[in-house]
Amino acid sequence: MHPIVRRQTIADALRRTALRLPAKTAIVCGDTSWSYAEFDALVTRLAAGLAGRGVRQGDRVAVLARNSHGFAALRFALARLGAVLVPINFMLKADEVAYILRHAGARTLATDSGLADLARAAAALDTAVQDFVWLPSEDPSEPASGMARFDELAACTAPLPEITLTSTDLAQIVYTSGTESMPKGAMLTHDAVLWQYVSCVINAEIAESDLALHALPLYHCAQLDVFFGPAIYIGSTNVITGKPVPDHLLALMSRHRITSFFAPPTVWIALLRSPQFDTTDLSALAKGYYGASIMPVAVLQELAAPLPRVRLWNLYGQTEIAPLATMLGPQDQLRKPGSCGKAVINVETRVVNDAMQDVAVGEVGEIVHRSPHLMLGYFNDPDKTAAAFSGDWFHSGDLATIDAEGYISVVDRKKDMIKTGGENVASREVEEMIYRLPQVSEVAVIGLPDPKWVEAVTAVIVVKAGQTLTEDEVIAHCTTHMAGFKAPKRVVFADSLPKNPSGKLLKRELRQRLN
């Protein structure tokens, strides 16, 4: 039997939806609207156009762009061609983007007009990038010069090259911020992503009847693979925006009668605080999703009053598991505040001690998983892959407790990850940047509760004797050399940092002291 007979890839999922629902609206972005039949046909032409530019099966193609219909089409065109998507955070600086381009070995980089300068600057830093693709944006914009144009590629009439693509082929490499200063590339196959789609459809109730707003960046696996991908798989209508600012989001929700919306708690809080919130018609909104951090109970209660029909889900996971792992459903939001719930249908999750034994109720242990969602490993990094899968379980690096009903609550991050405004920040990366300041004797970077960011990146610094340093100088230094979301929001100066007898820094004690 030829493998194609049993094949199920990300691109197949779109084609099958287009066959079921050809006339239904699939994509709305600015003035652009495509039915499923139009979207599927355009994806095929775009894939053929990319093949004409030399993109081949297995090639890594990076995308540095804000949300748009162009981004959406590129995602599925690469899947149809058997190329590997490498989405990049557009808030990174050129050096940081260049590291990912070099590590992935990307020869093609797709970008939009607003990020074209950053894309060119990064590609020039000793990368393998040879070709640029310009993607259209939500608002009309002039195409970036010297780049292959999306509209011209999508007008290609040449047939797609014949490829033998299977469900276990690599679909994407998504770079994740670890505790190390350099990010790691999680390799995800088509079937890993698709099994995760199934979990989203079942546990998060992604439905054909949804009219979903996709506003958080598609470079992030949460928006891309927990919401946008499953919505295409099941046949929802998708409104895409690259402008996740409160007044714009509220206007889109009202205009399009949005029924489903995902955002980290910081964005939900910003919507509540908008002067437009009380006068916006949100009567169609029925499903609200959040992740990246816990929603404060006070905010849950505040949302419930003006939005009594909205059911809320907390979705927890990480890039390496495509990314959904556990879910706290609507019925448990106030019953189990602070919990990330239980494993979704295609995931098995435990909380274990260092001997890989299940911890007792209330005892702190590490979250580990088994699932077909899981990555193959880290790209070109066998040592970190082996460590992540030691004992034949995937080690999340998150510390948690589990209660008598099996509900999990994350209490700390084994890898000192800070989740601020929906973004992951590795504390060690920020510490290394601050250590470049000659006045610094010691520094510890932690996340502290914050009403806007949920967690604020906070630097606790011991200044060398006889030296002076100000908070503004530290923040300016960091924002000059790294993405703004990584820079400290707060700097605290201390005479010393707490350590245990062996000299290990006690960050938990710092958090308790400064909360």
Pair listing, salt bridge (charged side-chain N to carboxylate O under 4.0 Å, His left out) test, anchored in residues 186-199, at least two apart:
none
Kindly assign one of parallel, tilted or perpendicular to the pair Phe228 and Phe76, based on the angle between their ring planes and the thresholds 30° and 60°.
perpendicular
Specify whether His369 and Tyr316 have parallel, tilted or perpendicular ring planes, treating 30° as the upper limit for parallel and 60° as the lower limit for perpendicular.
tilted
Decide yes or no on ring-ring contact (aromatic ring centres under 6.0 Å, His included) for His214 and Phe262, but give the supporting numbers first.
CA-CA 7 Å; His214 303 280; Phe262 158 74; 9.4 Å; no
Kindly say whether the aromatic ring centers of Tyr289 and Phe261 come within a distance under 6.0 Å.
no
Is a side-chain donor or acceptor of Asp210 paired with a backbone partner of Ala212 at a separation under 3.5 angstrom?
no
Are Arg335 and Tyr407 in a cation-pi setup, meaning NZ or CZ lies under 6.0 angstrom from the ring centre and within 45 degrees of the ring axis?
yes
Working note: Tyr219 + Phe90, criterion ring-ring contact (aromatic ring centres under 6.0 Å, His included); need CA distance, chi angles, decisive distance, verdict.
CA-CA 8 Å; Tyr219 70 68; Phe90 55 69; 5.2 Å; yes
If we ignore hydrogens and angles and just use 3.5 Å, is the side chain of Asn314 paired with the main-chain N or O of Ser339 as donor and acceptor?
yes
Distance-only polar pair, side chains of Gln172 and Arg75, donor-acceptor under 3.5 Å
yes
Of all pairs that satisfy salt bridge (charged side-chain N to carboxylate O under 4.0 Å, His left out), the ones with a partner from residues 85-97, not counting sequence neighbours:
Glu96-Lys486
Does NZ or CZ of Lys24 lie under 6.0 Å from the centre of the six-membered ring of Tyr36, at an angle within 45° of the ring axis?
no
